[in-house]
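Counting starts at 1 for both ligands and their atoms, in listed order. Sequence positions, counted from 1, serve as the residue numbers for this chain.
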Amino acid sequence: MNEYPNCPNCGSAYTYEDGNVLVCPECAHEWTAADTAAAEEANVIRDANGNVLNDGDTITVIKDLKVKGTSLVVKQGTRVKGIRLVDGDHDIDCKIDGLGAMKLKSEFVKKI
Ligand SMILES: [Zn+2]
């Protein structure tokens with residue numbers, strides 16, 4: 001049984017521990033368990049209250065948000081169903097009734 005995580009670089013399962021670093025014999029990648037934890041944490045998107053958001057969640061907007069380049073405003077309290085998480089500064093992709101496809105920042109929403 002291999003108790004070590006697979007190599008984050010090439011996915012190899014033949015990793016081993018050398019001192020406090022993990023080593024991959026196949027691509028010579030070295031990393032620490034802390035790196036892995038940090039990478040996993042970075043993929044987690046949280047709402048304004050610190051709750052973890054997932055694809056398909058329903059959220060409400062916690063403040064009026066101007067839509068860049070338009071005169072539209074996403075009103076505080078707007079309910080948005082079926083969000084999709086994406087990479088980037090605006091990390092939520094969604095469709096809002098009456099406004100269409102929209103990107104929001106997770107810091108301005110609250111999970112219902
Ligand atoms: Zn590797």
Among the clusters formed by ILVMFWY side chains lying less than 4.5 Å apart, do Y4 and W31 turn up in the same one?
yes
With sequence neighbours excluded, give me every side chain to side chain donor-acceptor pair (under 3.5 Å) pair touching residues 51-72.
D57-K111
Number of protein N, O or S atoms [distance to the Zn ion (ligand 1) under 2.8 Å]
4
Does anything in residues 84-103 form a salt bridge (Lys or Arg N to Asp or Glu O under 4.0 Å)? List the pairs, not counting sequence neighbours.
R84-D93, D89-K105
Gap separating the CD1 atom of I83 from the CD1 atom of I45, nearest 0.5 angstrom:
8.0 Å
Any chain of hydrophobic side-chain contacts (each under 4.5 Å) joining Y16 to V21?
yes
Tell me, which pairs form a side chain to side chain donor-acceptor pair (under 3.5 Å) where one or both residues lie in residues 18-28, sequence neighbours left out?
S12-E26
